[in-house]
K.L.:
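Mind looking over this structure? Questions follow.
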Amino acid sequence: MTKVFIGVAWPYANGVIHLGHLAGSLLPPDIFRRYNLLKGNDVLMVSGSDQHGTPITLTAERQGVGPEEVAETFHRINSKAIEDMGISFSLFTKTHNPNHTEVVHDIFNVLRSKDLLYTRQTMQYFCQACDRFLPDRYVEGSCPKCACSNARADQCDECGTTFEVGEIKDGRCIHCEGCPEVRETEHFFLRLNEFQERLLSYLEGKDHWRPSVKTFTRNWLEGGLQDRAITRDMDWGVPVPLDGWDGKVIYVWFEAVIGYLAASKEYSSLIGEPDLWERYWKDDSARHYYFLGKDNIPFHSIIWPAILMGYGGLHLPDEIPANEYLTTKGGKLSKSRGTSIDLPSVLAEYHPDLIRYYLSINMPDHRDSEFSWPDFMTKVNNELVAELGNYYHRVLSFTRKNFGKIPEAEEADLVEVRDEVAKAFQETSRLLDDCDFKKAMKSVMELARFGNRYFDSVKPWALVKQDRVACGKVLHANLEIVRGLAIMASPFLPFSSAEVWGYLGFESSLEDAGWDGHRVPLPVGQGLKDPVPVFRKVEIEVEEPIDQGFSDFRRLELKVGEIKSVCDHPDADKLYVMQLDTGEERQVVAGLKSHYSPEDLTGKKVVVVCNLKPAKLRGVESKGMVLAADDEKLGGEGVRLLTPSDDLPNGTPVDCGLEIGGGKLDYKDFQKVDMKVFNLLKGQETVSGMVLETPPDADSNLALVCDDGKARILMAADVAITIDGDLKDGATVR
RNA sequence: AGCGGGGUGGGGUAGCCAGGAUAUCCCGUCGGGCUCAUAACCCGGAGACCGGUCGUUCAAAUCGACCCCCCGCUACCA
């Protein structure tokens, strides 16, 4: 019997958990836990809500409530959803609780006594009006680099510049709009740097770690470890256990991981065996597994081991099977069904085993995988229901109907079946031991397929009419497969497996039978229960996308604009900052410096993308972009502007006669639009393999919008847009 | 543009790190069987020059180089 400790990354109590959490860090450990319990191992699995930190206080302020209320609300919602999904822990607790505080304090004190913590003065914003220190995110001001006026105090979102405290100009408290001062404040730092060597040698024994975990950790370590501040000036969190440190708390990245130990101790107390945790944490032969998403790797492969090493005498992580991400791009759904993938809504709609199946068979364990409802439907209906569910049901219902109980066996019949079942168990076992869950699930499904094949080959429906006894024998063999499947699938699909177990007539639980329960002969004569299919097919309406062509272009809002003034970007070699008139004033930053002089540009009519999300380029805000064509990739060297006729008033839409949708666009969306420049002849109907839906009425260089073999000339109010220079055919517009 | 991850029959995928004979599985499609079962199950067929080129090798989806395309993050992309 192995002692297995399973730590599960703590979901942050600032929102409702969704399928990404489930696939990434919750379902894998639950499968692993259930498997280990079946194997008879001694499992302790803990997690809880991570309730501290700045984001929660921000949510709380926005809602006008205290942080504890926010943290408790989400803790409640998430605990319920996790439980409903069949994920069970020895203890799922939370960080805002006295036990957690006590354990964090103990670790803090021990590390401090070993001189692994030290204090240092740092500068921090302080708001007199609010009478408190402000985290960087609470302060906004203008960026000294890009002149953006609402940069956060730690980093300018526009130009990406990061700031030290005090660097930002005209800082203001986002809470009271007051002007914060910079004060000196004292914080504790962890001597992470001291652990560099020990961590490197710890990593050396971990060759079998998943490449992403190993590589990432090694890069971090080889990049050198910086000491990190582990306290913050705020009230919401674990207080610093020292006099004179009021108003400071231990910061979440240090505190939350300690939850693994704290929860282990809390569980021990709760069940009345206060020393129980030591069996897992102070035993070298125990195995410690941590399940988390890839964003969480360094906290578990570097910081937590460092803390444990510093404290001493506690077991370090053995395995960190970090998952990649579950992405959710595809699969548009009808509105009635909703597209949300947060756990409570998904559970309201579907049986947990269906979700568990799909996420298991599609688990992002070695690479990102995509979640889509149509795919969910296909896999559930054609695999889970049709193969596994149908096999359960055809065997159980047929046997029940014709025999009512488990019929006599014939050893000779069982040889092949038992061999197949045993092989499947062996294979699944091996994969589960390696935390290779997706493949393990597939291996279960293979046995289901074998079952169907076997059932067909022995034809019990025919046999029952000719030789009732022989029929009973092959059914007995099929029941063995059913039982094997129920056991083998139960870590993944606990609810349906338990149901099947009941239909087989067992009084004791599947868990009692254990992983090796398939080796025991089935009790002949045991009464079968009337089975009900354990899975039902799901029906999901998928919205048909309506393609009218030029769909990318239609999202673009282009207008005629005039360049009013041009000046150099204060902090970039290639950029101009231009003021435009597009019917309204508009500042645009453009990379035209190496192609046009300010004099060339001033007064020019141009085509402007008006519905791009504003962005800061090198610190200066840009609200749109000026279209230009570029033939450098074709061997030319020109970047030439698209120039509408001077007669067109500013603000004239450039829509090619197409209906234009609204909405703000990302730059990325703009890039999807395919626009090219060609020298066209009057009346020409095709170019470069594309049909011109709007043939030109004069010879000239014109810009085209292309889409799927069709093209339209870029026009504003029936006047084609020309190019102010010669470019090679096919030059791209950007 | 930089970094990371990918491109495998119509769609989705396995295999790739540790190169070898008919390239996996699911869906779809075509034909057949069966009728116990949730129009489920079973058998068979068609369909892939494994993104491209060049190289290493007796042998490449798998190793190397270069290129093209897609996705994510980042950027003096506007």
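Throughout, protein chains are lettered first and strands after them, A, B, ... in sequence-line order, and every chain is numbered starting at 1. Basis for what follows: all heavy atoms, side chains included, without hydrogens, waters or symmetry-related copies.
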K.L.:
Using a 4.0 Å heavy-atom cut-off across all strands, classify A:V588 as base, sugar-phosphate, or nothing.
P.N.:
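Sugar-phosphate contact only - A:V588 comes under 4.0 Å of backbone atoms but never of a base.
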
K.L.:
Watson-Crick or G-U wobble partner for B:A65, using a 3.5 Å limit on both distances?
P.N.:
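The answer is B:U53, by the H-bond criterion.
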
K.L.:
A:R449 has an atom CZ; how far is it from atom P of B:C41, in whole Å?
P.N.:
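These atoms are roughly 11 Å apart.
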
K.L.:
For nucleotides B:G20 and B:C63, find the distance between their C1' atoms and express it as a whole number of Å.
P.N.:
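Roughly 14 Å separates the two C1' atoms.
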
K.L.:
Among side-chain atoms of A:N650 and A:K559, is any donor-acceptor pair under 3.5 angstrom?
P.N.:
no

K.L.:
Expressed in angstrom and rounded to an integer, what is the separation of A:L384 atom CG from B:C26 atom P?
P.N.:
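Rounded to whole Å, this separation is 15 Å.
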
K.L.:
What's A:G591 touching, base or sugar-phosphate or nothing? Going by heavy atoms closer than 4.0 Å.
P.N.:
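The residue A:G591 makes sugar-phosphate contact but no base contact.
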
K.L.:
Side chains of A:D600 and A:S597: donor-acceptor distance under 3.5 Å anywhere?
P.N.:
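Yes, a side-chain donor-acceptor pair sits under 3.5 Å.
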
K.L.:
Using whole Å, report how far CG of A:N362 lies from P of B:C25.
P.N.:
19 Å

K.L.:
Could you verify whether a donor N or O on one side chain and an acceptor N or O on the other, from A:S429 and A:E427, lie under 3.5 Å apart?
P.N.:
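A:S429 vs A:E427: no donor-acceptor pair found between side chains.
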
K.L.:
Among the nucleotides B:C34, B:C41, B:U38, which one has an atom lying closest to any side-chain atom of A:R536?
P.N.:
B:U38

K.L.:
Where the side chain of A:T378 is concerned, which of B:C27, B:C26, B:A37 is the nearest nucleotide?
P.N.:
B:C27

K.L.:
May I ask you to verify if any side-chain N or O of A:R394 is less than 4.0 angstrom from the OP1 or OP2 atom of B:A40?
P.N.:
no

K.L.:
Measure the distance from OH on A:Y454 to P on B:A37 and round it to the nearest whole Å.
P.N.:
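It is 19 Å, rounded to the nearest whole Å.
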
K.L.:
Distance check, C1' atoms only: B:A18 and B:C54, in whole angstrom units.
P.N.:
25 Å

K.L.:
Quantified in whole Å, what is the P atom distance between nucleotide B:C27 and nucleotide B:C36?
P.N.:
23 Å

K.L.:
Using a 4.0 Å heavy-atom cut-off, does A:V534 contact any base of the nucleic acid, only the sugar-phosphate backbone, or nothing at all?
P.N.:
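Base contact.
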
K.L.:
Of the options B:G12, B:C41, B:C36, whose atoms approach the side-chain atoms of A:E387 most closely?
P.N.:
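Closest nucleotide to the A:E387 side chain: B:C41.
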
K.L.:
Using the P atom as the reference point in each nucleotide, state the distance between B:A46 and B:U22 in Å, no decimals.
P.N.:
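Per the computed distance, 16 Å lies between those P atoms.
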
K.L.:
Strictly below 4.0 Å: does A:K537 bring a side-chain N or O up to OP1 or OP2 of B:A40?
P.N.:
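Checking B:A40 against A:K537, a side-chain N or O does come within under 4.0 Å of OP1 or OP2.
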
K.L.:
Would you call A:D467 and A:K473 a salt bridge, using N to O less than 4.0 angstrom?
P.N.:
no

K.L.:
When you get a sec, tell me which of B:C26, B:U38, B:C43 is the closest nucleotide to the side chain of A:F535?
P.N.:
B:U38

K.L.:
Could you give the distance separating B:G9 and B:C76 at their C1' atoms, to the nearest angstrom?
P.N.:
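The same atom, C1', in both gives a distance of 45 Å.
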
K.L.:
Send over the distance from A:K442 NZ to B:U24 P, rounded to a whole Å.
P.N.:
14 Å

K.L.:
If you look at every strand shown and take non-hydrogen atoms under 4.0 Å, does A:Y391 touch a base, only sugar-phosphate, or nothing?
P.N.:
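Nothing: the residue A:Y391, judged by heavy atoms under 4.0 Å, touches no strand.
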
K.L.:
Ring stacking, A:F398 with base of B:C36, under 5.5 Å and under 30°?
P.N.:
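Per 5.5 Å and 30° rule: no stacking.
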
K.L.:
So which one's nearest nucleotide on RNA chain B is more toward 5', A:N452 or A:P460?
P.N.:
A:P460

K.L.:
Counting only side-chain heavy atoms from C-beta out, which of B:C27, B:C34, B:C43 sits nearest to A:R453?
P.N.:
B:C43

K.L.:
Calculate the interatomic distance between A:D436 atom CG and B:A14 atom P; express it in whole Å.
P.N.:
11 Å

K.L.:
Given atom OH of A:Y358 and atom C1' of B:G12, what is their separation to the nearest angstrom?
P.N.:
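Roughly 9 Å, once rounded to whole Å.
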
K.L.:
Ignoring the backbone of A:L575, work out which of B:U38, B:C76, B:C43 is nearest its side chain.
P.N.:
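In terms of side-chain proximity for A:L575, the closest of B:U38, B:C76, B:C43 is B:C76.
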
K.L.:
Taking the C1' atom of each, how far is B:C17 from B:A21, in whole Å?
P.N.:
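Pairwise C1' distance, B:C17 against B:A21, rounds to 23 Å.
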
K.L.:
Look through every strand shown and name the nucleotide pairing with B:A1 as Watson-Crick or G-U wobble, where both distances are under 3.5 Å.
P.N.:
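Result: B:U74.
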
K.L.:
Between B:C25 and B:G4, how far apart are the two P atoms, rounded to whole Å?
P.N.:
34 Å

K.L.:
So do the side chains of A:V566 and A:M578 get within less than 4.5 Å of each other, counting heavy atoms only?
P.N.:
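The answer is yes; the side chains approach within 4.5 Å.
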
K.L.:
Does the plane of the ring in A:H18 sit parallel, tilted or perpendicular to the ring in A:H21? Use 30° and 60° as the thresholds.
P.N.:
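Rings of A:H18 and A:H21: tilted, 30 to 60°.
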
K.L.:
Base, sugar-phosphate or nothing for A:K439? Non-hydrogen atoms, less than 4.0 Å.
P.N.:
sugar-phosphate

K.L.:
Using the C1' atom on both, measure B:A61 against B:A48 and round to a whole Å.
P.N.:
11 Å

K.L.:
When the distance from CG of A:D375 to P of B:G10 is rounded to whole Å, what number comes out?
P.N.:
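So the two atoms are 18 Å apart, to the nearest Å.
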
K.L.:
Classify the side-chain pair A:Y392/A:E499 by whether it contains a donor and acceptor separated by less than 3.5 Å.
P.N.:
no

K.L.:
Could you walk me through whether A:K537 and A:E539 pass salt bridge (Lys or Arg N to Asp or Glu O under 4.0 Å), step by step?
P.N.:
CA-CA 7 Å; A:K537 289 203 173 190; A:E539 197 56 50; over 6 Å; no

K.L.:
Given B:A37, is OP1 or OP2 found less than 4.0 Å from the side-chain N or O atoms of A:K401?
P.N.:
yes

K.L.:
Watson-Crick or G-U wobble partner for B:G44, using a 3.5 Å limit on both distances?
P.N.:
B:C30

